[in-house]
Asks: 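What follows is a single structure, and I will ask about it in a moment.
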Amino acid sequence: MIRVVLADDHPVVREGIRGMLAAEEDIEVAGEAASGGEAVAVALAVTADVVLMDLRMPGGDGAEATGRLLREAPGCRVLILTTYDTDADILRAVEAGATGYLLKDAPRTELAAAVRAAARGETALSPSVATRLVSGMRARAGAPALSEREAQVLRLAADGLTNAEIGARLFISAATVKTHLVRIFAKLEVSDRTAAVTRAMRAGLIQG
């Protein structure tokens with residue numbers, strides 16, 4: 001059972017998310033919070049596996065609360081669920097340690113799949129967020145291409161290593177690995193590791 005905490009300052013939003021997850025037999029909403037500080041306290045109290053974190057809340061925003069929570073409970077995963085999808089917002093959240101980033105208009109199946117992926121420690125990125133990122137990257141840098149470090153990360157991901165294992169192999173933090181994966185997903189216009197590896201191999205960006 002995946003224990004989830006809902007962190008959003010709007011009760012009606014929390015109620016809606018709770019209802020969406022109620023049909024999932026392997027997901028349990030173990031607590032709710034209305035601020036960043038409360039999210040940290042509740043997640044620690046119920047030993048949450050995944051926190052669905054709004055990006056902008058009173059008492060510390062989602063990115064700040066994510067960093068605080070992961071310092072105190074490194075095994076917890078944070079999935080940002082918000083209406084904001086600017087490049088700066090996305091990268092700030094992921095760099096704080098968030099495992100993924102979804103928009104609040106995500107359908108139930110996508111939300112549930114993202115929660116499960118986050119619980120496994122995998123990066124979950126909404127397709128619409130990936131599109132947003134790749135558009136910005138293309139505008140700044142032209143056609144997408146993987147940097148040497150991104151290719152290293154993706155090759156290790158293809159070998160089945162977790163973010164923590166990739167980080168240990170490359171002497172970087174797991175949060176930095178997540179940031180690289182988000183950029184890779186955006187460049188390749190995909191939303192998960194498997195699709196990224198498949199597309200990169202087909203394009204000759206990494207070897208199988």
Side-chain angles (χ1 to χ4, degrees), residues 49-51 53 55 62-63 66-67 69-71 74-82 84-103 106 110-111 113-208:
D49 298 305
V50 177
V51 176
M53 184 87 73
L55 194 59
T66 295
L69 174 59
L70 297 183
R71 284 192 295 273
C76 185
R77 313 296 184 184
V78 177
L79 186 61
I80 299 295
L81 186 64
T82 185
Y84 302 98
D85 65 347
T86 66
D87 293 5
D89 284 330
I90 296 166
L91 292 177
R92 193 166 64 91
V94 174
E95 287 170 356
T99 299
Y101 198 111
L102 290 181
L103 299 184
E110 183 181 328
L111 175 60
V115 169
R116 294 185 183 102
R120 294 191 299 267
E122 299 173 1
T123 302
L125 188 64
S126 169
S128 58
V129 172
T131 299
R132 174 84 185 207
L133 278 177
V134 75
S135 296
M137 287 180 175
R138 282 180 170 170
R140 292 192 298 271
L146 300 183
S147 68
E148 182 178 352
R149 177 63 86 188
E150 288 167 348
Q152 290 174 331
V153 167
L154 194 54
R155 279 194 294 269
L156 293 174
D159 289 338
L161 275 66
T162 65
N163 289 355
E165 290 169 339
I166 293 171
R169 188 76 62 86
L170 299 178
F171 303 102
I172 58 179
S173 69
T176 299
V177 173
K178 291 173 188 174
T179 301
H180 284 308
L181 285 170
V182 168
R183 295 180 188 277
I184 291 167
F185 292 172
K187 287 181 177 182
L188 299 180
E189 299 183 71
V190 298
S191 58
D192 59 56
R193 283 182 176 219
T194 302
V197 169
T198 300
R199 184 159 297 182
M201 285 182 174
R202 287 176 179 171
L205 298 175
I206 61 173
Q207 300 299 315

Asks: Show the numbers, then the answer: is there a side-chain contact (heavy atoms from CB on, under 4.5 Å) between Leu181 and Arg193?
Replies: CA-CA 8 Å; Leu181 285 170; Arg193 283 182 176 219; 3.9 Å; yes
Asks: Looking at Thr99, Val51, Thr66, which one forms a side-chain contact (heavy atoms from CB on, under 4.5 Å) with Ile80?
Replies: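 Answer to the side-chain contact (heavy atoms from CB on, under 4.5 Å) test with Ile80 among Thr99, Val51, Thr66: Thr66.
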Asks: Given Gln152 and Arg155, is the side-chain hydrogen bond (donor to acceptor under 3.5 Å, both in side chains) satisfied, shown in steps?
Replies: CA-CA 5 Å; Gln152 290 174 331; Arg155 279 194 294 269; 5.9 Å; no
Asks: Mind running side-chain contact (heavy atoms from CB on, under 4.5 Å) on Leu156 and Glu165 for me, showing each step along the way?
Replies: CA-CA 9 Å; Leu156 293 174; Glu165 290 169 339; over 6 Å; no
Asks: Between Leu70 and Cys76, which heavy-atom pair has the shortest distance, and what is it?
Replies: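 Between these two residues, the closest heavy atoms are CD2-O, 3.1 Å.
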Asks: Return the CE to CG distance between Met53 and Leu79, rounded to the nearest 0.5 Å.
Replies: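 Separation between the atoms: 10.5 Å.
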Asks: Please find the pair of heavy atoms, one from Ala196 and one from Ile184, that lie closest to each other, and give the distance.
Replies: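 Closest pair (atom of Ala196, atom of Ile184, distance): CB-CG2, 4.3 Å.
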Asks: Counting distance only, does the side-chain N/O of Asp159 pair as donor-acceptor with the main-chain N or O of Leu161 below 3.5 Å?
Replies: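 Here the side-chain-to-backbone pair does not exist.
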Asks: Measuring from atom CD of Glu150 to atom OG1 of Thr179, what distance do you get when rounded to the nearest 0.5 angstrom?
Replies: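 So the gap between those two atoms works out to 10.5 Å.
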Asks: Which atoms form the tightest heavy-atom contact between Ala158 and Val197, and what is the distance?
Replies: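 Between these two residues, the closest heavy atoms are CB-CG1, 3.7 Å.
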Asks: Please find the pair of heavy atoms, one from Gly97 and one from Ala175, that lie closest to each other, and give the distance.
Replies: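 The answer is CA-CB, 4.3 Å.
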Asks: Rounded to the nearest 0.5 Å, how far apart are CG of Leu103 and OG1 of Thr82?
Replies: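 One finds 7.5 Å between CG of Leu103 and OG1 of Thr82.
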Asks: Do Arg199 and Leu154 pass the side-chain contact (heavy atoms from CB on, under 4.5 Å) test, and can you show the C-alpha distance, the side-chain angles, and the key distance before you say yes or no?
Replies: CA-CA 11 Å; Arg199 184 159 297 182; Leu154 194 54; over 6 Å; no
Asks: Between Lys178 and Thr123 (side chain of the first, backbone of the second, donor and acceptor by atom type, cut-off under 3.5 Å), is there such a pair?
Replies: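 Not at all, since once roles are kept as given, no pair shorter than 3.5 Å links the two residues.
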Asks: Taking all non-hydrogen atoms of both residues into account, name the closest pair between Arg77 and Ala118 and its distance.
Replies: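 That would be CG-O, 2.9 Å.
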Asks: Quick one: closest heavy-atom pair of Ile166 and Val153, and the distance?
Replies: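 Here Ile166 and Val153 meet closest at CD1-O, 3.9 Å.
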Asks: Go through the steps to decide whether His180 and Ile172 satisfy the test side-chain contact (heavy atoms from CB on, under 4.5 Å), and finish with yes or no.
Replies: CA-CA 11 Å; His180 284 308; Ile172 58 179; 4.1 Å; yes
Asks: Tell me, yes or no, whether the heavy-atom count around Arg149 atom CZ, taken from other residues, nucleotides or ligands under 6.0 Å, exceeds 12.
Replies: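 Atom CZ in Arg149 is packed in, count exceeds 12.
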Asks: Any heavy-atom pair between the side chains of Leu146 and Lys187 that's under 4.5 Å?
Replies: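 Lys187 vs Leu146: side chains touch.
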Asks: Rounded to the nearest 0.5 Å, how far does CG of Leu111 lie from CZ of Arg116?
Replies: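 If we round to the nearest 0.5 Å, Arg116:CZ and Leu111:CG are 9.5 Å apart.
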